[in-house]
Amino acid sequence: MIQISQINMPVGHTEEELKKKIGKLLRVSPAQIRELRIVRRSVDARKKQELKYSYTVAVSIKNETGILNRSRGKNGISAFKETSYVFPEPGQEKLEHPPVIVGSGPAGLFCAWKLAKHGYRPILLERGETATRRKEIVDFFWKTGVLDKDCNVQFGEGGAGTFSDGKLNTGVKGEKDKNHRNQEVLDLFVQAGAPENIRYDGRPHLGTDLLVKIVENIRNEIIRLGGTVKFRTTVTDLKIKNDTIQAVVTQTGEEIPCNVLVLAIGHSARDTFRMLEQRHLTMEAKSFAVGVRIEHPEPMITESQYGANPPRELGAANYKLAQTLENGRGVFSFCMCPGGWVVNASSEEQMLAVNGMSYSGRDSRNSNGAIVVSVNPEDFLPYNNGAAGDGSSSLDAGVQGEPLPQVLNGLAFQRYLEARAYRVGEGRVPVQRFADFREKKTGGKGSFDPCICGEYAYANTAEIFPDFLYESLKQGITSFDRKIRGFGMDDALISGVESRTSSPVRIIRDEHFESNIRGIYPCGEGAGYAGGITSAAMDGLKVAEAIGERFHP
């Protein structure tokens, strides 16, 4: 096949027009094109009056060698190089028990799926419910405020990413991805029911409605291949002997023997992190980011990116923003949800966190994104033993609770902010106009209503944050107004707290992906090795490969 890159076509073009352009570049008749494969497609919006798609394609055509010799690399023409993912040959050690995988987010699901495909018959444990039942429980929480601590926006089949925009882009590709795991993940998603275009779109996404069906298809395939999936099963302890895993213990007291344990626990399994620290797994505190969700009318954001009256096929527009402030802190957008919803993403009683979510149609009135500030272990050190706050504020009373080990300081900081958010909103998502946020006053309704899943209340969201975070958020949002006109408008809606951007700890693993406890494989975003659906799934493949290289089923 022949590859052609940087083919620019107007948005709204037909397939025949694309073939005609390819024929012109190759100096052949379009009728001679036997096969056309889109390798990559992205939107070029640099000239908003001339919106274009930029393509890389591969075509099968007669006399390819002659065409390549004639072209000599002109017009982005080269030989197409087929790439493929290869799972390693089985290792020499015999697995005494099936591998146990804790957590059915992208890392756990893809690790289990790949192991099941190669005959390892994994046992997948999930503390929450099936995706369909989970959606019902989450909807009930948003309607009533009644929280299920084991099945919510953070926990359940599909992981936290199920209730997100469902973005599938990652920075781990090209030379960083020589094993082609990125493409394998996308291919597996398509096998599970995802639309074909995620293979080549520059910013692929699925949305919650599609993800619910897809993750259930993956689970059914794991079972068909000989795996086992157990729901409402929380791992509460580990049996370890001579620094080697022997078994996991569940909340019912059941012991499941294993000599391979994959910890794909997600970034919010705070009780599990505490247990792992008590069982002496080596961990370290890591930097993450915290902040707010900001909402704007969807047409305003889309017009800023694509111009007035953009083609409908482009849908609601994304943005990606970043700024280094004068104080040296980084502030940036995260998990932007075009035509999406802000959701109550809490997982603990009397604490409140928010996230963003889109359905596949991205068709709500507003677009939202997290605006977050980088924080590091030095920042959250004071928030783990009652040192933060002088006790004079009702917001601080009882926020910290029992001090945690120092390695879990970031977890304590998250809890501190989430407890304050809960109290500021009196149990509901606190919302505030940006003009009122700047003045640190409650204020009220502006020119448009929020799109929030869960009860919300106009409140002084600014009160959630220590001064260093509040000032950074205020300056950052104001600075972004220079990049997107109206971003820092008075009526932009601020809600909080966005505290679950990534794991606050990293579970240390060696070059074989194994922890200091032999047989335990930390995996995915919760373990500190991924940052999104695709990178977590890719890490699940990496860990499955490490197990496959060492053991045979």
R279/D237 ion pair, N-O < 4.0 Å: yes
Any idea which heavy atoms bring A289 and T501 closest together, and the distance? O-OG1, 2.6 Å
Any chance the rings of F513 and Y521 have centres within less than 6.0 Å? no
Could you tell me whether the side chains of D209 and S360 share a donor-acceptor contact shorter than 3.5 Å? yes
In terms of side-chain heavy atoms, does E298 have a donor or acceptor partner in T302 at a distance below 3.5 Å? yes
Tell me every residue that passes side-chain hydrogen bond (donor to acceptor under 3.5 Å, both in side chains) with Y422, counting only those two or more places apart in sequence or in another chain. none
Check the surroundings of atom NZ in K483: do more than 12 heavy atoms from other residues, nucleotides or ligands lie under 6.0 Å from it? yes
Under a 4.0 Å threshold between the charged nitrogen and the carboxylate oxygen, would D539 count as salt-bridged to R181? no
side-chain contact (heavy atoms from CB on, under 4.5 Å) evaluation trace for V373 with L473: CA-CA 7 Å; V373 179; L473 288 167; 3.7 Å; yes
A quick test of your reading: do over 12 heavy atoms of other residues, nucleotides or ligands sit less than 6.0 Å from CD of E426? no
Just so I know, are the side chains of D44 and L51 near enough to count as touching, which here means a heavy-atom distance under 4.5 Å? no
Judged by atom type as modelled, is there a donor-acceptor pair below 3.5 Å linking the side chain of R127 to the main-chain atoms of T234? no
Cation-pi geometry met for R438 and F434 (6.0 Å, 45°): yes
How long is the span from the CD atom in Q475 to the CD atom in Q323, to the nearest 0.5 Å? 10.0 Å
So, W142 side chain and E455 main chain: donor-acceptor pair closer than 3.5 Å or not? no
Would you call R329 and D379 a salt bridge, using N to O less than 4.0 angstrom? yes
Nearest-0.5 Å distance, OG1 of residue T442 to CZ of residue R433: 12.0 Å
Any side-chain heavy atom of E471 sitting closer than 4.5 Å to one from F465? no
Closest approach of E525 and A536, non-hydrogen atoms and distance? N-CB, 4.4 Å
Testing the basics here: between L281 and I507, what is the closest heavy-atom pair and its distance to 0.1 Å? CD2-CG2, 4.0 Å
Regarding R232 and E129, does a basic nitrogen lie under 4.0 Å from an acidic carboxylate oxygen? yes
Quick check against the 3.5 Å criterion: does N409 have a side-chain atom that pairs as donor or acceptor with the backbone of F380? no
Sorted by chain and number, sequence neighbours left out, side-chain hydrogen bond (donor to acceptor under 3.5 Å, both in side chains) with T236 holds for none
Shortest non-hydrogen pair, R365 vs D449, comes out as NH2-O, 3.4 Å
Under a 3.5 Å distance rule, please check whether D491 uses its side chain to pair with a backbone N or O of S447 as donor and acceptor. yes
Check E348 with R415, please: is the shortest side-chain N to carboxylate O separation under 4.0 Å? yes
Non-neighbouring partners of P430 that pass side-chain contact (heavy atoms from CB on, under 4.5 Å), sequence neighbours left out: L352, V424, A459, T461, I464
Please tell me whether N376 and S287 have a donor and an acceptor in their side chains that are separated by less than 3.5 angstrom. no
Determine the interplanar angle of the F437 and Y470 rings, folded into 0 to 90°, and report it as parallel if under 30°, tilted if 30 to 60°, perpendicular if over 60°. tilted
Sole candidate of V229, T233, V100 that passes side-chain contact (heavy atoms from CB on, under 4.5 Å) when paired with L124: V229
Could you tell me whether a side-chain N or O of Q154 sits under 3.5 Å from a main-chain N or O of A345, the two making a donor and an acceptor? yes
Cationic N near anionic O, under 4.0 Å, E216 to R133: no
Does this structure show an ion pair linking D467 with K474, if we count only N-O contacts that are shorter than 4.0 Å? no
Carefully, step by step, assess R500 and S268 under the rule side chain to side chain donor-acceptor pair (under 3.5 Å). CA-CA 7 Å; R500 311 287 184 94; S268 293; 2.7 Å; yes
So do the side chains of I214 and L206 get within less than 4.5 Å of each other, counting heavy atoms only? yes
Check: S164 side chain, M357 main-chain N or O, donor-acceptor pair, under 3.5 Å: no
Does any N or O in the side chain of N516 come within less than 3.5 Å of the main-chain N or O of H280, such that one atom is a donor and the other an acceptor? yes
Side-chain (E126) to main-chain (G156) donor-acceptor, under 3.5 angstrom: yes
Does one side chain, of N182 or T534, offer a donor that lies under 3.5 Å from an acceptor on the other? no
Whether K143 and E136 form a salt bridge (side-chain N of Lys/Arg under 4.0 Å from carboxylate O of Asp/Glu) is what I want to check. no
Should the pair Y458 and Y456 be assigned to parallel (<30°), tilted (30 to 60°) or perpendicular (>60°) ring geometry? perpendicular
For the residue pair P466 and L417, establish whether any side-chain heavy-atom pair is separated by less than 4.5 Å. yes
Heavy-atom pair with the smallest gap, counting every atom of K286 and S502: NZ-OG, 3.4 Å
Check this for me, if you would: do E463 and R420 make a salt bridge, where the nitrogen-to-carboxylate-oxygen distance has to be below 4.0 angstrom? no
Is any side-chain N of the basic residue among R134 and D150 closer than 4.0 Å to the acidic one's carboxylate O? no
Check the side chains of Q432 and N460 for a donor-acceptor pair under 3.5 angstrom, ignoring hydrogens and angles. yes
Look at the side chain of D481 and the backbone N and O of G488, then say whether any donor-acceptor pair between them is shorter than 3.5 Å. yes
Specify whether H296 and Y319 have parallel, tilted or perpendicular ring planes, treating 30° as the upper limit for parallel and 60° as the lower limit for perpendicular. perpendicular
Intermediate values then yes/no, side-chain contact (heavy atoms from CB on, under 4.5 Å), V249 and V235: CA-CA 6 Å; V249 183; V235 172; over 6 Å; no
Charged N to carboxylate O below 4.0 Å: is that the case for R293 and E498? yes
So, for L210 and P195, which heavy atoms are closest and what is the spacing to 0.1 Å? CD1-CD, 4.2 Å
May I ask you to check whether N366 and S364 show a side-chain donor-acceptor distance below 3.5 Å? no
Can you check side-chain contact (heavy atoms from CB on, under 4.5 Å) on S503 and F288, steps first, answer last? CA-CA 7 Å; S503 180; F288 58 105; over 6 Å; no
Taking the ring centre of each residue, are F332 and F480 less than 6.0 Å apart? no
Run the side-chain contact (heavy atoms from CB on, under 4.5 Å) check on I452 and V343 step by step: do they pass? CA-CA 6 Å; I452 294 181; V343 303; over 6 Å; no
So, do I520 and V262 sit near enough that their side-chain heavy atoms are less than 4.5 Å apart? no
Determine yes or no for a side-chain-to-main-chain donor-acceptor pair under 3.5 angstrom, with Q414 supplying the side chain and S499 the backbone. yes
Would E349 and K149 count as a salt bridge (charged side-chain N to carboxylate O under 4.0 Å, His left out) here? Give the steps. CA-CA 8 Å; E349 297 285 0; K149 292 186 289 184; 5.5 Å; no
Does the side chain of D148 come under 3.5 Å of the side chain of N152 through a donor N or O and an acceptor N or O? no
